[in-house]
Amino acid sequence: MLEITRIRAEKDAIIEGLKKRAVDYSKEIEAIIAADEQWRVVKTELESIQAESNQISKEIGLLFKQGKVAEANKAKERTTVLKEKEQVLRESVAEWEHKITDFLYQVPNVPISIVPAGKSEADNEVVEEVGFKVTFTGEALPHWELADKYNLIDFEMGVKVTGAGFPFYTGKGAKLQRALINYFLNEAEKAGYEEFMPPLLVNEDSGIGTGQLPDKEGQMYHATVDNLYLIPTAEVPLTNMYRDVILPNEDFSIKITGYTPCFRREAGSYGKDVRGLNRLHQFDKVEIVRVEHPKNSIAALDEMVQHVKNLLESLGLHYRILRLCGGDMGFTSAITYDFEVYSAAQERWLEVSSVSLFETFQANRLKLRFKTESRKTQLCHTLNGSALALPRIVAALLENHQTPEGIKIPACLVPYTGFEWIK
RNA sequence: GGAGAAAUGGCAGAGCGGUUGAAUGCACCGGUCUUGAAAACCGGCAUACCGAGAGGUAUCGGGGGUUCGAAUCCCUCUUUCUCCGCCA
């Protein structure tokens, strides 16, 4: 969430910036400012009453020590009035606090200057397109047919055992998954990211820390008996390691990575979007996460974009980079680059990675801070990106590298798969 | 899952109803001394919010309660440790 101090100081700039999301948040912002003012009035009043009764309590303590019981009891009477007042004010303060956080939860992050304004994906900016469309002499099969032809994925078995969106990977299909995960992790490690294998279920505090809760709980699987959530992305456990952390100085640059399965309920999806591997309830992903000093965060974002570019190029995939417009960006993001690979057989672009800078939006909820030179605490910037999500990469690999002889495995993967062809 | 014990500042560890935001030690930072270092000595050293400041308020695992007053008493949740059971 946005910092209340920032809203106080830059109200107009924030309202203006949020307009890029094609929604007007001036009402919410004004409400926050008003509630904040009320809160401060009530809070100040409460504190002065608390100060007064603390004072009296100390006096009573002294009187009892001196054996002046009568005087002490008299002083007690004075506090009863204060107590009543305190109770009322305490409730009022809590009420205003709730109002403020409720409003704060409703306001998304402010897009940074280079983010284009816009309502939907139609307004996204294509920053770069690399590679070229593969041309096929014969028929280009979509990946679900290729998967069937070469026995790589068993969707029906998944339906039988679990449900739609939970495929079995079989034979070389399973080995390809394992190869991609290892390849992506090794590349991340080469780029300086420390590897973690995190828990796949997280508690409520973690869901709130990274912003999945309270508003998006419908997207996560919820193990209600233990009140734990299946992670929708490794971002959740990886970033939450730094919840309530104060880094001791300004000299830090935290780069971590992790592979996890990801679980998403994807309520409301339908049609060709969910065909084959396009959208699953469980999928595998290698995530990269960074915690940076605010002055370094843009450079870190660029590095992450470069990292993903390198991966896609090594896999020989035709891709493009989009700078998402305000309206298409995630709630918590200040700027997001999406990577899409071209699916030759489906004749459409598939999103395979999303790299975002959250500035202090996540850190504020997480209470992730660092100590400045002058011993003040200041919020860190957080970033994350997929590097990469497997299913759509597999879809694109199968479709784009299909030949009459079979599917050609990119050279960079061969050491990991142990085979050059899927035949 | 059953039985018991515990949770205090960066760490260790006092305090068990009244000027206790918290003794003491270690670590850390600054200073004196020293050619330099060590030692010794002096000083500093939690977080958040409100306030221009003085200062105020809250926080001793989390939440609630008793009391004029709670780190200290009560309830509850969580976590850790020991023993038993189960188990990859």
Side-chain angles (χ1 to χ4, degrees), chain A residues 1-9 32-104 197-209 213-214 222-229 237 240-252 261 360 362-380:
Chain A
M1 56 187 167
L2 291 175
E3 294 148 89
I4 187 81
T5 48
R6 182 176 166 201
I7 294 178
R8 274 185 218 144
I32 290 170
I33 300 261
D36 179 56
E37 273 165 18
Q38 278 307 309
W39 172 77
R40 273 188 290 175
V41 168
V42 185
K43 177 89 166 165
T44 309
E45 209 175 323
L46 171 66
E47 287 184 355
S48 69
I49 284 190
Q50 285 174 322
E52 201 179 335
S53 37
N54 284 348
Q55 186 53 43
I56 294 175
S57 291
K58 275 184 191 171
E59 285 168 17
I60 292 174
L62 276 179
L63 289 174
F64 271 122
K65 244 184 194 168
Q66 296 162 3
K68 297 176 182 167
V69 179
E71 279 180 59
N73 284 327
K74 213 168 165 190
K76 273 194 197 181
E77 281 169 31
R78 278 200 289 154
T79 61
T80 51
V81 186
L82 288 175
K83 278 195 89 179
E84 280 165 26
K85 272 197 205 166
E86 191 185 327
Q87 187 54 31
V88 173
L89 284 168
R90 194 190 291 278
E91 277 164 24
S92 179
V93 167
E95 214 171 286
W96 285 112
E97 272 170 8
H98 278 130
K99 273 187 197 163
I100 292 168
T101 39
D102 279 352
F103 279 123
L104 282 174
M197 188 173 272
L200 305 182
L201 285 94
V202 294
N203 59 29
E204 201 172 339
D205 285 344
S206 295
I208 290 170
L213 297 173
H222 187 192
T224 50
V225 176
D226 298 296
N227 198 25
L228 296 173
Y229 294 85
N240 270 288
M241 292 199 292
Y242 289 92
R243 172 153 49 83
D244 289 319
V245 166
I246 298 175
L247 301 166
N249 54 53
E250 304 202 31
D251 183 26
F252 65 93
T360 58
Q362 260 187 347
N364 190 30
R365 271 205 200 184
L366 289 164
K367 298 205 185 72
L368 166 52
R369 293 160 293 180
F370 64 94
K371 284 273 190 198
T372 64
E373 202 86 31
S374 52
R375 309 306 300 155
K376 294 268 184 212
T377 53
Q378 195 182 327
L379 291 169
C380 303

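Just so it is clear, the model here is predicted, and its values are computed rather than measured. Only heavy atoms go into these numbers, but all of them, side chains included; no hydrogens, no water, no symmetry mates. Chain letters run A, B, ... following the sequence lines, proteins first, then strands; residues in each count from 1.
Rounded to whole Å, the C1' atom of B:rA46 lies 15 Å from the corresponding atom of B:rA71. Comparing the P positions of B:rC45 and B:rC50 gives a spacing of 23 Å, expressed to the nearest Å. Taking atom P in both B:rA22 and B:rG10, one finds a spacing of 15 Å when rounded to whole Å. Between B:rG13 and B:rA27, the distance separating the two C1' atoms is 14 Å to the nearest Å. Comparing the P positions of B:rG44 and B:rA23 gives an interatomic distance of 12 Å, to the nearest angstrom. For B:rA88 and B:rA5, the P atoms lie 32 Å apart once the distance is rounded to whole Å. The separation of B:rU66 from B:rU59, taken at their P atoms, amounts to 15 Å, rounded to a whole angstrom. Taking atom C1' in both B:rC41 and B:rC60, the straight-line distance is 32 Å, to the nearest Å.
Among the heavy atoms of the strands, none lies under 4.0 Å from A:I56. As judged by a 4.0 angstrom heavy-atom cut-off over every strand, A:R369 is placed among residues touching the sugar-phosphate backbone only.
Listed by residue number, the members of residues 70-82 of chain A with any heavy atom below 4.0 angstrom from RNA chain B are A:K76, A:T79. Within residues 33-53 of chain A, the residues approaching RNA chain B are A:W39, A:R40, A:T44, A:E47, A:Q50, A:A51, by heavy-atom distance under 4.0 Å.
Two residues, A:T5 and A:F64, neighbour RNA chain B, and the one matched to the more 5' nucleotide by heavy-atom proximity is A:F64.
Residues in residues 242-251 of chain A take part in these side chain to side chain donor-acceptor pair (under 3.5 Å) pairs, two or more places apart or across chains: A:S206-A:R243, A:N240-A:R243, A:E250-A:H293.
In this structure, B:rU19 forms no base pair with any nucleotide, since neither Watson-Crick nor G-U wobble geometry is met with both distances under 3.5 Å. Searching all strands for a Watson-Crick or G-U wobble partner of B:rU82 with both distances below 3.5 Å returns B:rA3. Of all nucleotides present, only B:rG44 satisfies the Watson-Crick or G-U wobble test against B:rC28, with each distance under 3.5 Å. The partner of B:rA37, taking Watson-Crick or G-U wobble pairs whose two distances both stay under 3.5 Å, does not exist in any strand shown. With a 3.5 Å ceiling on both atom-pair distances, B:rA14 lacks any Watson-Crick or G-U wobble partner. The partner of B:rU66 is absent, by the rule that a Watson-Crick or G-U pair needs both atom distances under 3.5 Å. The nucleotide B:rU72 finds no pairing partner, because no Watson-Crick or G-U wobble arrangement with both distances shorter than 3.5 Å includes it.
Distances shown here put every side-chain N or O of A:N54 at or beyond 4.0 Å from the OP1 or OP2 atom of B:rC68.
Side-chain atoms of A:R90 do not come within 3.5 Å of backbone N or O of A:L46 as any donor-acceptor pair. Of the possible polar contacts, none joining the A:T80 side chain to the A:K76 backbone as a donor-acceptor pair under 3.5 Å is found.
Protein atom CD of A:E97 is 11 Å distant from nucleotide atom P of B:rC50, rounded to whole Å. For the pair A:Q55 CD and B:rU19 C1', the computed distance is 9 Å after rounding to whole Å.
The side chain of A:K83 has B:rC68 as its nearest neighbour among B:rA48, B:rU57, B:rC68.
With a 4.5 Å cut-off on side-chain heavy atoms, A:H222 and A:N227 count as touching.
The pair A:E59-A:R78 meets the salt-bridge criterion, since a charged nitrogen lies less than 4.0 angstrom from a carboxylate oxygen.
Across all non-hydrogen atoms, the minimal contact from A:S92 to A:V42 is OG-CG1, 3.4 Å.
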